[in-house]
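As structure tokens, the structure follows; a few thoughts come after it.
Throughout, protein chains are lettered first and strands after them, A, B, ... in sequence-line order, and every chain is numbered starting at 1.
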Amino acid sequence: MVKVKLKRKNFKVEKDSRISDLITDKKVIAALLNGKLCDLSKEITNDCQLELINFSSDIGKKIYWHSASHIMAMAVKSLFPKAKYAIGPAIEQGFYYDFDTKKRFSPEDLEKIEKKMVEIIAKNIPFERITMKKEAVIEFFNRREEQYKVELVKAIPDPEVSLYRNNDFIDLCAGPHVPSTGYIKTFKLLSIAGAYWRGDIHQSMLSRIYGIAFPDNKELKAYLKKLEEAKQRDHRRLGTELELYSIFEEAGSGLVYWHPKGALVKRLIEEYWLQEHINAGYLIVSTPHIARGHLWHQSGHYAFYHEHMFILPVENEEYILKPMNCPGHILIYKSKVRSYKDLPLKYAELGQVYRNELSGTLHGLLRVRGITIDDGHIFCQPSQIVDELCKVLELTLKILKKFGFDHYKIDLSVRGQHDKEKYMGSDEEWIRAEKGLVSALDKMNLEYARKQGEAVFYGPKIDIKLLDALGREWQATTIQFDFNLPKRFKIEYMDKDGQHKEVVAIHRAIYGSLERFIGCLIEHYKGAFPLWLSPVQVVVMPITNKQNKYANKVFKRLLKQKLRVELNDKSEKMNYRIREAEVQKAPYIIIVGKREVDNNTVSVRKHSKGDIGIMKLKDFLNLIKKDLGGND
RNA sequence: GCCAGCGUAGCUCAGUUGGAAGAGCAGCGGUUUCGUAAACCGCAGGUCAGCAGUUCGAAUCUGCUCGCUGGCUCCA
């Protein structure tokens, strides 16, 4: 007999009994045996501590989805025996599996695969764990001509490798898995996509099938409904509905045309930015959209990114639409000798840049070719680094909060360990910069993920990513050290000791791209901007045309208060006009009928709240004032 | 850029095996004067993304181009 501790209870079981023998709960799919993940078929050989895992935990979901991906691979292999299988992990939401097939999958194939999966699940085939010597596994997959698996096994350092078997389907896998295929209660295959083997553009393109699975049909339905709802607040849909912007096929992709309402929102965001930056000690500059090729050769951008630049022939040379603002700011810095007393010197500009992003990556406002960057460059001394980084983070958090963003992810990207030659700058510079970034993050109490090898070639950086309606991450804020430009442009300052010294250059953008930021903002607010950002803040409407005169008076008084007001006295029913204003997500609607005219009042309706009562216009203005001031 | 799918009126979408291009909303003209999310009648609106081909006949089939969507890769 051996002792088992489970949920604070101790009991004894026969030696070598399986974990599954101890439990009756069908929701349990795997276990932690002394803290190590294992299948329920695992035998208990010694005294141990046991924890049970079901779908409700993150790790449980991963196991469940991973098992579903095996079932999908089984179905694919039985329908398309010649398909080579590559990898099929669980992901944040669901799972995928990559296959190399002669003929690509079609949507009809997905239906067939789904049907086959249902059959496999109905058969309730057990997942069996097998361990074998690595060489034997390589030989096994070689015999089956599964070259992707062979490649994967070869990369495993251990001498022993685990496989999972369902009847004659055998896959390389660390596990664990649900005990049998019948544990997957409900699932859906969602999409087909191409994916490079090992994520490498030079390798073959595989067919990837994405899917999701749940133990309960209700959960699947809720998940699909959530996807549907996310579509409702897609910024591309809302952008059209609310007449914010267009991207015209005939004018070029990735180029945004802001309609009056969108342009107004953009302008308000820019004005807020301008105020905050002036207050934070930035000096506002403005630089041209185009510069001689020479400048981009000197900066080094030409060599690295010329494929993504818009290059124009002008007389005997090339001019280039600026893909970034840095060289311009540097030229201004260099226009005279700078003293250590001038530092830190901070330039900022809402600069329009153009980048020839790959066509397949363009995505509404979130990835465009004409980008408004809220660019800033900090030129400082080494001793000022931490202080300046903290100030940038402080300003960033203030601005993100202003827009109600409280869900974001922070990455600290540093250089890779083994490919230092890829990066510019000395060890000393990299270490100093990373230390600065880390201590600024720590000082601001921010959680972050350290991403090794994700730095840009010229320096380490902090990125802040916002989420769209579907939970996809989009980089907004970026704070980057640059060990490249100071050398290339010889950006220096005169120090106390009369020596010319190289400045520390830090790039930073808080919105990142205004286009992207507004795209995220639309989805974040579901198109219902807060009062201070609303293109139309108040809609005034008389109930019948007998109140037109009074409505007009109210309208004019609100205009005088510098509010963005619209008068809607169209000859439509009041309900119709209320709906019109609600669909446009106007924060406030003022309705005036006979009662209001007689008592010199207004009836107020608030977006998403409905009727909030009758009041004097003065009280309404106080309400608005409060609403406008409430966000700082 | 790569893989797959899609492109019909301003918007959302029907359109069967190739056989006379449709609806709702929006727009315009009337009627209606109404109490918190869609009044009624009428009118107009389309080179079915573009080009080429197959066919007696193409929105429908084929090829190419452009654009979009979901991924992959990339994002200075």
Side-chain angles (χ1 to χ4, degrees), chain A residues 96 98 101 104-107 109-110 190-210 231 234 236-237 240-241 243 246-254 296 299-309 323-326 353 355-364 366-369 371 373 456-459 461 463 470 472 474-475 478 480 482 484-485 507 512-513 516 541-548 569 571-583 589-596 603-614:
Chain A
Y96 69 77
D98 285 345
T101 54
R104 307 277 175 192
F105 296 120
S106 68
D109 292 334
L110 279 198
L190 297 169
S191 62
I192 312 164
Y196 300 105
W197 167 238
R198 302 211 141 169
D200 183 346
I201 190 163
H202 304 294
Q203 304 261 17
S204 45
M205 172 69 73
L206 308 173
S207 283
R208 176 173 297 180
I209 303 177
Y210 284 91
K231 273 189 206 159
D234 188 313
R236 291 164 299 188
R237 182 193 188 96
T240 306
E241 276 175 16
E243 295 178 65
S246 294
I247 294 170
F248 298 106
E249 182 175 345
E250 60 267 48
S253 40
W296 308 103
S299 71
H301 291 116
Y302 192 95
F304 268 89
Y305 304 109
H306 68 273
E307 281 176 5
H308 298 279
M309 291 175 161
M324 49 188 13
N325 304 294
C326 348
V353 304
R355 298 178 178 181
N356 186 12
E357 304 286 7
L358 292 178
S359 58
T361 64
L362 300 174
H363 183 101
L366 300 182
R367 188 81 180 263
V368 294
R369 285 180 174 153
I371 314 166
I373 297 187
V456 200
F457 72 90
Y458 52 72
K461 58 171 183 167
D463 292 327
L470 283 167
R472 292 176 291 206
W474 296 91
Q475 181 185 308
T478 186
Q480 313 183 342
D482 194 321
N484 176 43
L485 295 179
H507 308 264
S513 133
R516 173 175 292 179
M541 54 181 75
I543 292 178
T544 76
N545 59 17
K546 289 198 184 90
Q547 291 91 40
N548 277 4
D569 55 2
S571 133
E572 291 284 356
K573 282 190 77 169
M574 178 188 74
N575 279 4
Y576 178 88
R577 284 175 289 151
I578 286 177
R579 186 184 146 77
E580 248 181 345
E582 288 287 355
V583 166
I589 303 171
I590 282 187
I591 296 159
V592 293
K594 187 169 181 303
R595 282 204 297 267
E596 286 74 18
S603 173
V604 181
R605 193 188 151 96
K606 192 170 177 176
H607 179 70
S608 81
K609 286 240 165 64
D611 190 355
I612 58 168
I614 295 170

Please work out if A:R369 contacts a base, only the sugar-phosphate, or nothing of the nucleic acid, heavy-atom cut-off 4.0 Å. nothing

Can you tell me the distance, in whole Å, between the CZ atom of A:R104 and the P atom of B:C3? 7 Å

Are the side chain of A:R355 and the backbone of A:P323 linked by a donor-acceptor contact shorter than 3.5 Å? yes

Between B:G70, B:A76, B:A37, which nucleotide gets closest to the side-chain atoms of A:A193? B:G70

Quick one: closest heavy-atom pair of A:I247 and A:S253, and the distance? CG2-CA, 4.3 Å

Interatomic distance where NE2 belongs to A:H301 and P belongs to B:A76 [whole Å]: 10 Å

Only counting residues at least two apart or in another chain, list the ones meeting ring pair (Phe, Tyr, Trp, His ring centres under 6.0 Å) with A:H363. A:W474

I need the OH-P distance between A:Y576 and B:C40, as an integer number of Å. 11 Å

Please identify each residue that fulfils salt bridge (Lys or Arg N to Asp or Glu O under 4.0 Å) with A:D234, with sequence neighbours left out. A:R236

Using the six-membered ring wherever Trp is involved, compare the ring planes of A:F457 and A:Y305 and label them parallel, tilted or perpendicular (cut-offs 30° and 60°). tilted

Which heavy atom of A:M541 sits nearest a heavy atom of A:I589, and at what distance? CE-CG2, 3.8 Å

One character per nucleotide, please: for nucleotides 41-46 of chain B, 5' to 3', B when the base has a protein heavy atom closer than 4.0 Å, S when only the sugar-phosphate does, - otherwise. ------

Could you work out which one of B:G70, B:G35, B:G1 sits closest to the side chain of A:I201? B:G1

Heavy atoms under 4.0 Å, any strand shown: does A:F457 hit a base, just sugar-phosphate, or nothing? nothing

Dot-bracket for RNA chain B: what is it, with Watson-Crick or G-U pairs under 3.5 Å, [ ] where a pair crosses earlier ones, and | for a pair to another strand? (((((((..((((.....[..)))).(((((.......))))).....(((((..]....))))))))))))....

Would you kindly say whether A:E357 and A:H308 are connected by a side-chain donor-acceptor distance under 3.5 Å? no

Reckon A:N575 has a side-chain N or O less than 4.0 Å from the OP1 or OP2 of B:U36? no

What distance separates A:M309 CE from A:F304 CZ, expressed to the nearest 0.5 Å? 11.5 Å

Taking only side-chain nitrogens and oxygens of A:T361, does any of them come within less than 4.0 Å of OP1 or OP2 of B:C74? no

So A:H308, base contact, sugar-phosphate only, or nothing? Heavy-atom distance under 4.0 Å. base

Short of 4.0 Å, heavy atom to strand atom, which residues of residues 604-611 of chain A count as contacting RNA chain B? A:R605, A:D611

Let me have a per-nucleotide readout for nucleotides 29-34 of chain B, 5' to 3', with B, S or -, counting only protein heavy atoms under 4.0 Å. ---BBB

Please report the distance, rounded to the nearest Å, between CD1 in A:I209 and P in B:G5. 13 Å

Check for a donor-acceptor pair, side chain of A:N484 on one end and backbone N or O of A:S299 on the other, with a separation under 3.5 Å. yes

Does the A:S246 side chain pair with the main chain of A:F248, one donor and one acceptor, at a distance under 3.5 Å? no

Indicate, with a heavy-atom threshold strictly under 4.0 Å, whether A:Y196 touches base, sugar-phosphate, or nothing. base

B:C75 base / A:R367 side chain donor-acceptor hit below 3.5 Å: yes

Reckon A:L362 touches a base, only the sugar-phosphate, or nothing at all at heavy-atom distances under 4.0 Å? sugar-phosphate

Once you apply a heavy-atom cut-off of 4.0 Å, does A:S253 come out as touching a base, just sugar-phosphate, or nothing? sugar-phosphate

For A:C326 and A:E249, take the nucleotide of RNA chain B holding the closest heavy atom to each; which residue's nucleotide lies nearer the 5' end? A:E249

Sugar-phosphate only, base, or nothing, as touched by A:Y96 at under 4.0 Å among non-hydrogen atoms: nothing

Atom CZ of A:R208 to atom C1' of B:C2: distance rounded to whole Å? 13 Å

Classify the nucleic acid contact of A:E307 as base, sugar-phosphate or nothing, counting any heavy atom under 4.0 Å across all strands shown. nothing

Output for pair (A:R577 CZ, A:M574 CE), nearest 0.5 Å, gives 8.0 Å

Heavy-atom nearest nucleotide on RNA chain B for A:V592 versus A:R198: which residue maps closer to 5'? A:V592

Counting only N and O atoms by type, is there a donor-acceptor contact under 3.5 Å from the side chain of A:R516 to the main-chain atoms of A:L366? yes

Report the distance from atom CG of A:D109 to atom P of B:C3, rounded to the nearest whole Å. 18 Å

Out of curiosity, A:I543 CD1 to A:D569 CG, how far, rounded to the nearest 0.5 Å? 13.5 Å

Between A:Y210 (OH) and B:A4 (P), how many Å, whole number? 16 Å

Answer with base, sugar-phosphate or nothing: what part of the nucleic acid does A:G364 contact at a heavy-atom distance below 4.0 Å? sugar-phosphate

